[in-house]
Amino acid sequence: MKEKEIKNLLNKMTLEEKIGQMVQVAGDIFLTDDINVETGPLKNLELSNEQLYQVGSILNVMGAERVKKVQDEYLSKSRLKIPLLFMDDVINGYKIAFPIPIAQGCSWSIDVIKKIAEISAMESNIAGANVNFSPMVDLSRDARWGRVMESIGGEDPYLGQVYGKAIVETYQGKDLKKLGNVASTVKHIAAYGAAEAGRDYNTVDMSEREFRQYYLPAYKAAIEANAEMVMTSFNILNGIPATINRWLIQDLLRKELGFKGIVISDYGAIEETIIHGISEDEKHAALNAINAGVDIDMMSRIYANYLKDLCLESKEIEEKVNESVLRILNLKNKLGLFENPYGNSNIEKEKTYIMSKENLEETKKLVEETFVLLKNKDNILPLNANKKIALIGPYADNTAITGSWSMFSDRKKNTTILEALKRKVKDENLLYSKGTEILRIEEINRILKADGLQTLENKNEKEEEKQMLQQAKNIAKESDIILLALGEHYRQSGEACSRSNIGLPKNQIKLIEELHKLGKPIIMILFNGRPLELSSVERKLDGILEVWFPGTMGAEAIIDVLLGNTNPSGKLTMSFPQNVGQCPIYYNHYNTGRPHNYEGRYLSRYQDIPTKSFYPFGYGLSYSKFEYRNLKLDKTKIKEDEKIKVSFEVENKSDYEGYEIVQMYIKDLFGSVVRPVKELKDFKKIYFKKHEIKKIDFEITLDMLKFWNEKLNFQAEKGEFKVYVGGNSTEVLEEKFVLE
């Protein structure tokens, strides 16, 4: 349709039809035989049958056949035949489950990020998705928060910018009608990752300067990449829920950043402003949300039941409704839905592309780049396949390694580590025992109860645990090396999965302690959705491979890395704390007036643990050994229109070929406001042959030196700076330069 035709369509719509376009419901409503306001799934939403067939979008219906069925059912009762938008939570893949986003970020590879986005978008688009609720670029500094597993950039604003931009551009392409392209949704606006105490949905309160300096950049980069949608966050920001925050949506998002796309609430968030105590009732909540600029109300009855009265009372509100509906119609038009309401959904293509052999092979290679080798004492890895291996742990023969958002992927079809290892190791060299469960029954029951699911009976748990532990010890005694597959339950991370204790479960710690007594080398394969507190167990382990929740091809990738067929190259995007008492902890913090840089009492420190992180941002080992040297600047004084060339050498001092992620940080030594101890400004992922030496170059530009100053101006200030280069944020070479 042309612009004029879209506006003509808008003019033909009744007020009820316009408001319907601003309402989103769960798509399974259309797949039930009981569409009835009194008894069916509409009862809780309090929508009439007439209102149902006026909604503009639905949530999480996937599969070409299902999409066609729902669209046909809807259009058969739609007066103007305006098609539905199909929006979905394809967070880390559709049928192919990729590593969770925090793991993807640990690849430090734009190519990896783009390829994962490309396959995810193509699979989901063929299955009927028009819009994906991704990327999540919330800055995440607190490992207690369960949603750090979704944060693509972790604790760093620069990584969030480059990754978010790459995902949006890959999802959307240059033409949304083209096969494999879906509209992206930047989330969550804004500062959701700063929830107090790491507790999901909790309060956020920070200065505007802090917000602009660290939390805004990733959102801004994704919006500048022309993301079609943004999703508001559940939290309040400086006293006002984000979903009805006029400064956030109108002043910042619309006016300052120039966002012209659709703003959608998160699930039920408009209605929740009543519980926040800022909307008096449902009608007031609708008024607050439409005045703030929310275009779509996700999964609540607020807009459906109260916008009409507000429009009849105010021409200004009616005009805002018209603006929102026009944005929604424009997106449907960009997607080509008026010409083809089924989009790119295709039953035949589903059979040939989704879960294809080629994509699965590609996926395994991508997964391998997301693992982080945290410890490798005495080069215990790679494994010698000729030694007798005891594979022990609740994740050793477990298919549930895809993360909590992999709702469309069939976990039961995943290969397990045991199965993958059997293909590479002789039967006589492999022993297996479960050793323990992931969690004790009381811990699992807390999760099940919170989700309204049936709990488990506590039958002979202690005796079964004792037997499993004894069996594990027996096979460990017969082995040369112990391979432990441990970690969080996949339902311990994700939305509503905040934790005050981020260590391994007690039963798993006991397993480590008992096996450690045998004096055999132990390597831990770690499954998790957040940084964990490992200080209590690390000294008992000889090797630690962080694999996060690696997804469909995770087991095969793990075995290839353990056996040395692939050299691990991932690096952390979030700091691991000494213990949970340090959270939030992040590398780009400010110095206090009494930094803990020497031993003494009256310093900013803890009495019982070190101040520094246990594993720092940017950290990750390799089977290769890299040495940095000869850092040089081509000039040490520059003016605003000049640049500095940074050069240095990196040598691979090993017999292993592999990638090194080379990082550059900058510190502003003196500013009108306190500046961080260092900030990531650039990185490169470079392949090295055995014993190869390479000269690496970076460039320092004026933009890298800019910050939000005391007057909230974004500019660089003259003075002295330091530049650091290295393989992580702590082990670096440094030089000084001056901006004149």
Side-chain angles (χ1 to χ4, degrees), residues 22-26 44-45 59-60 87 89 91 101 133-152 160 185-206 211 215-216 218-219 222 229-250 252-253 262-279 282 284-286 288-303 404-405 407 450-451 491 493-499 529-530 584:
M22 301 173 67
V23 176
Q24 181 174 95
V25 299
N44 290 336
L45 281 175
L59 180 64
N60 285 335
M87 303 190 189
D89 287 297
I91 305 305
F133 291 149
S134 171
M136 192 272 236
V137 293
D138 296 319
L139 188 74
S140 302
R141 292 171 161 178
D142 194 332
R144 293 173 296 182
W145 190 46
R147 299 194 81 162
V148 302
M149 58 93 73
E150 294 176 61
S151 179
I152 192 72
T185 308
V186 182
K187 60 184 191 182
H188 306 81
I189 304 291
Y192 190 23
E196 287 184 2
R199 201 173 78 236
D200 212 351
Y201 319 117
N202 204 11
T203 302
V204 174
D205 195 6
M206 66 176 65
F211 172 72
Y215 291 84
L216 181 60
Y219 304 130
M229 293 181 56
V230 301
M231 183 186 293
T232 63
S233 52
F234 286 114
N235 56 282
I236 69 170
L237 182 63
N238 300 331
I240 301 174
T243 306
I244 59 171
N245 193 312
R246 295 193 201 185
W247 172 81
L248 184 63
I249 299 173
Q250 293 290 352
L252 181 64
L253 193 60
I262 293 170
V263 176
I264 186 170
S265 78
D266 209 334
Y267 200 109
I270 295 178
E271 187 172 6
E272 290 173 15
T273 63
I274 302 168
I275 305 171
H276 278 294
I278 200 164
S279 296
E282 293 179 339
H284 190 212
N288 281 336
I290 193 67
N291 277 332
V294 175
D295 299 309
I296 298 178
D297 177 9
M298 184 198 294
M299 289 301 295
S300 89
R301 58 182 174 264
I302 302 300
Y303 273 6
S404 59
W405 275 110
M407 62 181 71
D451 288 344
R491 292 174 75 174
S493 62
E495 185 174 354
C497 294
S498 299
R499 294 179 60 195
R530 53 160 57 82

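Remember, predicted model here, so these are calculated numbers, not experimental data.
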Under the side chain to side chain contact (heavy atoms under 4.5 Å, CB included) rule, what do Ile236 and His276 come out as? Steps first, then yes or no, please.
-> CA-CA 8 Å; Ile236 69 170; His276 278 294; 3.5 Å; yes
Should Glu150 and Ile91 be marked as a side chain to side chain contact (heavy atoms under 4.5 Å, CB included) after you check the CA-CA gap, both sets of side-chain angles, and the distance that decides it?
-> CA-CA 8 Å; Glu150 294 176 61; Ile91 305 305; 4.2 Å; yes
Intermediate values then yes/no, side-chain hydrogen bond (donor to acceptor under 3.5 Å, both in side chains), Asn202 and Asn235 = CA-CA 6 Å; Asn202 204 11; Asn235 56 282; over 6 Å; no
Audit row: Asp297, Gln24, side chain to side chain contact (heavy atoms under 4.5 Å, CB included) steps and yes/no | CA-CA 6 Å; Asp297 177 9; Gln24 181 174 95; over 6 Å; no
When you look at Ile270 and Val294, which way does the side chain to side chain contact (heavy atoms under 4.5 Å, CB included) test go after all the steps?
-> CA-CA 9 Å; Ile270 295 178; Val294 175; 4.1 Å; yes
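To the nearest 0.5 Å, the span separating OG1 on Thr185 from CE on Met231 amounts to 6.0 Å. Between the CG atom in Leu252 and the CG atom in Asn245 there is a gap of 9.5 Å [rounded to 0.5 Å]. Rounded to the nearest 0.5 Å, atoms OG (Ser493) and CE (Met149) are 4.5 Å apart.
Ile264 is not listed as a side-chain neighbour of Asp295, based on a closest heavy-atom distance of 4.5 Å or more. The shortest distance between side-chain heavy atoms of Tyr219 and Leu253 does not fall below 4.5 Å. Considering only heavy atoms from C-beta on, Arg499 comes within 4.5 Å of Arg530 through its side chain. In this structure, the side chains of Val204 and Glu196 stay at 4.5 Å or more apart for every pair of heavy atoms. Here the side chains of Ile249 and Thr232 are in contact, with some heavy-atom distance below 4.5 Å. Side-chain atoms of Asn60 and Met87, non-hydrogen and from C-beta on, never get closer than 4.5 Å to each other.
Within the structure, salt bridge (Lys or Arg N to Asp or Glu O under 4.0 Å) contacts touching residues 269-279 (residues at least two apart or in different chains) are Glu271-Arg301.
Side-chain atoms of Arg246 never come within 3.5 Å of backbone atoms of Ala292 as a donor-acceptor pair (strictly under, hydrogens ignored). With Ser233 contributing its side chain and Ile189 its backbone, the two residues share a donor-acceptor pair below 3.5 Å. Between the side chain of Asp142 and the backbone N or O of Arg144 there is at least one donor-acceptor pair closer than 3.5 Å. With Tyr267 contributing its side chain and Ser300 its backbone, the two residues share no donor-acceptor pair below 3.5 Å.
Under 3.5 Å, the side chains of Ser140 and Asp138 contain no donor-acceptor pair of N or O atoms. Side chains of Glu495 and Tyr201: a donor on one and an acceptor on the other come within 3.5 Å. Tyr192 and Asp200 are linked by a side-chain donor-acceptor pair at a separation below 3.5 angstrom, with hydrogens and angles left out of the test. Residues Asn288 and Ser279 have side chains that bring a donor and an acceptor to within less than 3.5 angstrom of each other.
Salt bridge status for Asp266 with Lys187: absent, with no side-chain N to carboxylate O gap under 4.0 Å.
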